[in-house]
Protein chains: 2
Amino acid sequence: MVTIYDIAKRANVSAMTVSRVINDSGRISAKTREKVKRIMDELNYVPNSTARSLVKQETKMLSLLITDITNPFFTTLARGAEDAALELGYKLLFGNSDEKLAKEREYVDMVLSTRVDGLLFAPASDASIEHLNMLDRHRIPYVLVDRDVPGTEADVVLGENRLGADQLTDYLIGLGHRRIALVNGYGTVSTARERYGGYCDALARHGIHYDESLVVEYGYNRFDDPDKLERLLALPNPPTALFAANNVLAVSVISFLRDKGIGVPEQISVVCFEDVGLASKLDPFLTVAVQPAYDFGYKGIHLLAERIRLKDEMERRIIRLPSAMIVRKSAAAPPKTSTPDF
Amino acid sequence: MVTIYDIAKRANVSAMTVSRVINDSGRISAKTREKVKRIMDELNYVPNSTARSLVKQETKMLSLLITDITNPFFTTLARGAEDAALELGYKLLFGNSDEKLAKEREYVDMVLSTRVDGLLFAPASDASIEHLNMLDRHRIPYVLVDRDVPGTEADVVLGENRLGADQLTDYLIGLGHRRIALVNGYGTVSTARERYGGYCDALARHGIHYDESLVVEYGYNRFDDPDKLERLLALPNPPTALFAANNVLAVSVISFLRDKGIGVPEQISVVCFEDVGLASKLDPFLTVAVQPAYDFGYKGIHLLAERIRLKDEMERRIIRLPSAMIVRKSAAAPPKTSTPDF
DNA sequence: CTGAAAGCGCTAACAA
DNA sequence: TTGTTAGCGCTTTCAG
């Protein structure tokens, strides 16, 4: 491997001179600079950032931990994070927790030992607080994204979940629905709680009775127990509309309904939070509340970079990014018959 | 920061003893091992992998460079790569070239300076050979994935592009189509050439005249010049079916056709290579050739790890992963009228 | 089974 | 403007 010393020897200067040329620091005569640069080129020199990290105590690496790398929301978020990181001179290490606390734990261990300069973190659930505490103990700056965790003091970039859910529910009510089911994420995730809140807000505002048998919970990344939904549909007074708390759940629900021969939106209307990537382009079908996923990542990395610079000298920042409702075709007025026949 | 020396001092042993405990290497008495471990816990010690990398001359980091992080094919590939890397004790650094040579170049620079142990590389085009040469000069092991590059000696994981494209085209012919257009990627990308080959194979086998005006090329990640397609449709004898070389192009094409009020598959049939993520679950519409995307990543990382271990002591390996055709609804028999009216 | 010394490639701090 | 020295946190090598 070509080192600074190889260059120094060939150029008849000290290692420090080479280092200064590499870093554009210190005053160097134009002549030596040129000479050193030429030799660096000749030898195909590439600085060893491992060595530099060790002495500078910074890696110029940031890390992004998301919970579902196959979800278009998170991949778009990742793109935003990557762009921001590159602009700011950082590399980005990605990780994927699959909504699992155990995988998240492993990843946090790795992050600690890799000595990344900071972490943009989409926590799997409230229980992630334990991992945040680890990060705190080791003084690794981090910013939360998409989900908040009670008990943390960290900066956070969140969506307007409550408002967005309210809007979506309100829309269904406007269409004439009164029995609206919520297919939610687990209550241990802040977005699920907030979307639940918005759902209740809309119901209450319209004087509609809240019925807890209309609410079911799933993991955001998998629709693993169709029975729950089955029971919902078997209710004496079943829902005429479903509000799915995220895109993956919505797609699963629709796929499930279709398999049972239930028409969407003819028999049941469906809306959800988050758009569905290519699917919405292929067939603009789902009525959704889209979030500016790219900005979540972009803004998150910027907050993180500032936090790294300023450490504790800055108040906690909570950014709320608005969502926008896109009306398409998956929701319509409820069927006329009062007792649907699924 | 807690270092090995802090532990050593507290435990009344040498740094080497601590190092040996950490690495489970060398014979250590059970008693000292326990003592050292206890103190490591007490102090929340986390090894500094930067320092370790510097002396061991390996980072235990692998890198994955893909060309489109928003494409479900590549994100699924990424998941496979991540799983394999973790299993093998590596971290994974992700990068995204957006099909752009310039971004790819920057990423390769970064990879060199980060001293990753190896790179799993989906090249943007044949011109990527320049970057492969850089990698070679610096002795960084790499494996190509999804796309081959003429002139390289590297291991590579590829799809059965020619066969898959043949099969898809054959299917359209079987449906009765004779005028089949190919909406391809650029000819500078190996998959585009191979898919073109398969298209021609099927045509030839059935004695169908190859008409070059039926072939247009786009970047795989963007449908940027609709005029090309427009001209295709304006042909005196226009196509009754379109074969899109990848998922993104297919979705764009369908969206374009829909905007023009052209029915798929009533007026034009469409098939493509690669499935479309959530879209296919939401609405099983597109007839496609799916590739085992996860395995591309998983297998690729395994090849890479072997290559890192064995360096030049192994022949070049070329893995071909089969694709499977999934017949859905986007292709049907051509319309009866001999002169369609778009 | 345990330790001392040296050094991975680089840069901070101080000198000249 | 350039150089010298020391050391980042760890492991290799050799010695006990």
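In what follows, every chain begins at residue 1, and chains take the letters A, B, ... in the order their sequences are listed. Since this is a predicted model, take the numbers as computed values, not measurements. FYI, side chains are in, hydrogens and waters are out, and symmetry mates aren't considered; it's all heavy atoms of this structure.
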Exercise for the section: Please confirm whether the backbone N or O of B/Ser113 pairs with a side-chain atom of A/Ser49, one donor and one acceptor, at under 3.5 Å? Expected result: yes
Exercise for the section: Answer yes or no: is there a donor N or O on one side and an acceptor on the other, between the side chain of B/Glu104 and the main chain of B/Pro123, under 3.5 Å? Expected result: no
Practice task
May I ask you to list the residues of residues 30-40 of chain B, by number, that have any heavy atom positioned under 4.0 Å from an atom of DNA chain C?
Solution key: B/Thr32
Please list all pairs passing the ring-ring contact (aromatic ring centres under 6.0 Å, His included) test where one or both residues lie in [range], with sequence neighbours left out.
range                       : value
residues 80-99 of chain B   : A/Phe94-B/Phe94
residues 119-153 of chain A : none
residues 46-76 of chain B   : B/Phe73-B/Phe296

Problem - Any residue meeting salt bridge (Lys or Arg N to Asp or Glu O under 4.0 Å) with B/Glu306, in chain and number order, not counting sequence neighbours - result: B/Arg317
Problem - Set of residues satisfying salt bridge (Lys or Arg N to Asp or Glu O under 4.0 Å) with respect to A/Arg316, sequence neighbours excluded - result: A/Asp148
Problem - Where chain A begins and ends its contact with DNA chain C, read 5' to 3' at 4.0 Å from heavy atoms - result: C/dG9 to C/dA13
Practice task
Just jot down the side-chain contact (heavy atoms from CB on, under 4.5 Å) partners of B/Lys9, sequence neighbours excluded, or say none.
Solution key: none
Practice task
Could you list the residues that satisfy side-chain contact (heavy atoms from CB on, under 4.5 Å) with B/Val2, not counting sequence neighbours?
Solution key: B/Asp6, B/Ile7, B/Leu43, B/Tyr45
Practice task
May I ask you to verify if any side-chain N or O of A/Ser14 is less than 4.0 angstrom from the OP1 or OP2 atom of D/dT4?
Solution key: no
Exercise for the section: Please determine if B/Arg105 and B/Glu130 form a salt bridge, counting it only when a charged side-chain N lies under 4.0 Å from a carboxylate O. Expected result: yes
Completion exercise
residues 69-97 of chain B vs salt bridge (charged side-chain N to carboxylate O under 4.0 Å, His left out), sequence neighbours excluded, gives A/Asp98-B/Arg79, A/Lys103-B/Asp83, B/Arg79-B/Asp83
Handout entry: Aromatic plane relationship, A/Tyr294 with A/Tyr298 - under 30° parallel, 30 to 60° tilted, over 60° perpendicular
Key = parallel
Exercise for the section: For the helix from C/dC1-D/dG16 to C/dA16-D/dT1, figure out the bend between the end axes, five pairs an end, and round to 10 degrees. Expected result: 30°
Fill in the blank from the handout: Going 5' to 3' through nucleotides 9-16 of chain D and flagging B where a protein heavy-atom sits under 4.0 Å of the base, S where only the sugar-phosphate is that close, and - otherwise, we get BBSB----
